[in-house]
Amino acid sequence: TMANAGLRWVWELAILGLSCFFWRREFLQITHQGVSRYLSDSWNYVDLVTYSLCFATFLARAVDPSSDTAAILGATALLPAWFKCLFYMR
């Protein structure tokens, strides 16, 4: 229905906004630390992969909402996101 489609896009835009926010944080961290120091921490790779997959999921759904590609990308984005939880629990 139209209401469900509208609600879905609200969530999509929220995820896009959060992805952009966290990408900006990573960019600021790179400019502050330098690329080589930033990449020396393996958790930063997890961050970059997670935010990239979230952004790719949004783009895939924007291009073709009925595509399975967006669902696969979204599910794949959850894996490094859960892995990142380990960072905060250590």
Undergrad: Applying a strict under-4.5 Å side-chain criterion to I, L, V, M, F, W and Y, I'd like to know whether Val46 and Leu78 cluster together.
TA: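 They do not share one cluster, since no chain of ILVMFWY contacts under 4.5 Å joins Val46 to Leu78.
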Undergrad: For Asp68, check side-chain hydrogen bond (donor to acceptor under 3.5 Å, both in side chains) against everything at least two apart and list the hits.
TA: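 Per chain and number, Asp68 pairs via side-chain hydrogen bond (donor to acceptor under 3.5 Å, both in side chains) with no residue.
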Undergrad: Starting from Leu48, can I reach Leu18 by hopping between I/L/V/M/F/W/Y residues whose side chains sit under 4.5 Å apart?
TA: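 Same hydrophobic cluster.
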Undergrad: Mind checking what makes side chain to side chain contact (heavy atoms under 4.5 Å, CB included) contact with Ile30, not counting sequence neighbours?
TA: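 Ile30 satisfies side chain to side chain contact (heavy atoms under 4.5 Å, CB included) with Val35, Tyr38 only.
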Undergrad: Return the set of residues passing side chain to side chain contact (heavy atoms under 4.5 Å, CB included) with Arg24 (not counting sequence neighbours), or none when no residue passes.
TA: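 Per chain and number, Arg24 pairs via side chain to side chain contact (heavy atoms under 4.5 Å, CB included) with Leu28.
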Undergrad: Are the side chains of Phe22 and Asp47 in touch, meaning some heavy atoms are under 4.5 Å apart?
TA: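 Result no, sub-4.5 Å side-chain heavy-atom pair not found.
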Undergrad: Same cluster for Val49 and Leu73 if Ile/Leu/Val/Met/Phe/Trp/Tyr side chains link at under 4.5 Å?
TA: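 Looking at the clustering, Leu73 is in the same group as Val49.
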Undergrad: For the hydrophobic clusters of this structure (ILVMFWY residues joined by side-chain heavy atoms under 4.5 Å, transitively), does one cluster hold both Trp23 and Phe21?
TA: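 Yes, Trp23 connects to Phe21 through the hydrophobic network.
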Undergrad: Do Leu13 and Phe58 come close enough that some side-chain heavy atom pair is under 4.5 Å?
TA: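 With C-beta onward as the side chain, the pair touches.
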Undergrad: Residues two or more places apart in sequence or in another chain: which of them pass side-chain hydrogen bond (donor to acceptor under 3.5 Å, both in side chains) with Glu12?
TA: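 side-chain hydrogen bond (donor to acceptor under 3.5 Å, both in side chains) check on Glu12 returns Arg61.
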Undergrad: Atom SG of Cys20 and atom CZ of Phe55: how far apart are they, to the nearest 0.5 Å?
TA: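 Atom-to-atom, Cys20:SG and Phe55:CZ are 6.0 Å apart.
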Undergrad: ring-ring contact (aromatic ring centres under 6.0 Å, His included) with Phe27: which residues, sequence neighbours excluded?
TA: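 Residues passing ring-ring contact (aromatic ring centres under 6.0 Å, His included) with Phe27: none at all.
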Undergrad: Please list, chain by chain and in numerical order, all residues satisfying ring-ring contact (aromatic ring centres under 6.0 Å, His included) with Phe83, sequence neighbours excluded.
TA: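 If we apply the ring-ring contact (aromatic ring centres under 6.0 Å, His included) test to Phe83, skipping adjacent residues, the hits are Trp43.
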Undergrad: Is there side-chain contact between Ser67 and Val63, with heavy atoms separated by less than 4.5 Å?
TA: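 With C-beta onward as the side chain, the pair stays apart.
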Undergrad: Testing the basics here: between Thr57 and Gly74, what is the closest heavy-atom pair and its distance to 0.1 Å?
TA: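 Smallest heavy-atom distance, with atoms named: OG1-N, 3.2 Å.
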Undergrad: Side chains of Pro80 and Tyr45: does their closest heavy-atom pair fall under 4.5 Å?
TA: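 Side chain of Pro80 against side chain of Tyr45, heavy atoms only: no contact under 4.5 Å found.
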Undergrad: Answer with yes or no whether the side chains of Ser42 and Asn44 bring together a donor and an acceptor at under 3.5 Å.
TA: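 Looking only at side-chain atoms, Ser42 and Asn44 do not form any donor-acceptor pair under 3.5 Å.
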Undergrad: In this structure, are over 12 heavy atoms from other groups packed under 6.0 Å from Arg8 atom CZ?
TA: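 Atom CZ in Arg8 is crowded, with more than 12 foreign heavy atoms closer than 6.0 Å.
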Undergrad: Give the minimum heavy-atom separation between Ala77 and Leu53, together with the two atoms involved.
TA: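 Looking at all heavy atoms of both residues, the shortest contact is CB-CB, 3.6 Å.
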